Amino acid sequence: MINYTFRPKGVCSQQMNITVEDNRIQNLEVLGGCDGNLKGISSLIIGMPVDEVIARLDGIRCGYKSTSCPDQLAKALKQMKAEMAEP
């Protein structure tokens, strides 16, 4: 089981706590941001493979911003994968 903490940039949320087991999302807790929307996203991705979450959320924008909380989650998961792959 992997517990990963990520500090998003350019969005309202301040921290993402992600739990992954067997390459599937087990839990997502987001501090700050749009509470209802982030709880909804969390509920939808539970049990989903990490790569599928990345594919679905990468590049989503929030209004005029160049990123969003879903995009930051995709970045967090990519960063987590890269760190886990390092020797």
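The structure displayed is predicted, hence computed values, not measured ones.
We find the CD-CD distance between Gln79 and Glu83 to be 5.0 Å, quoted to the nearest 0.5 Å. We find the CD-CD distance between Glu21 and Gln26 to be 5.5 Å, quoted to the nearest 0.5 Å. Remark: Glu52 CD to Asn23 CG distance equals 11.0 Å, nearest 0.5 Å. Here the CG-OG distance, from Asn37 to Ser42, works out to 12.5 Å after rounding to the nearest 0.5 Å.
Hydrophobic clustering, defined by side-chain heavy atoms of Ile, Leu, Val, Met, Phe, Trp and Tyr closer than 4.5 Å, groups Val53 together with Ile2, Tyr4, Phe6, Met16, Ile18, Val20, Ile25, Leu28, Val30, Leu38, Ile41, Ile45, Ile46, Met48, Val50, Ile54, Leu57, Ile60, Leu73, Leu77, Met80, Met84. Summarising the hydrophobic clusters (Ile, Leu, Val, Met, Phe, Trp, Tyr; side-chain heavy atoms under 4.5 Å, direct or chained), the residues clustered with Tyr64 are none.
Counting only heavy atoms from C-beta outward, the side chains of Lys9 and Thr67 never approach each other to under 4.5 Å. Residues Arg61 and Ser68 are not in side-chain contact: their nearest non-hydrogen atoms beyond the backbone lie 4.5 Å or more apart.
Looking at Lys81, Lys78, Arg56 one by one, the single match for side-chain hydrogen bond (donor to acceptor under 3.5 Å, both in side chains) with Asp51 turns out to be Lys81.
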Stepwise salt bridge (charged side-chain N to carboxylate O under 4.0 Å, His left out) test for Lys65 and Asp71 = CA-CA 11 Å; Lys65 296 178 183 179; Asp71 181 57; over 6 Å; no
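No side-chain donor-acceptor contact under 3.5 Å links Asn27 and Glu29.
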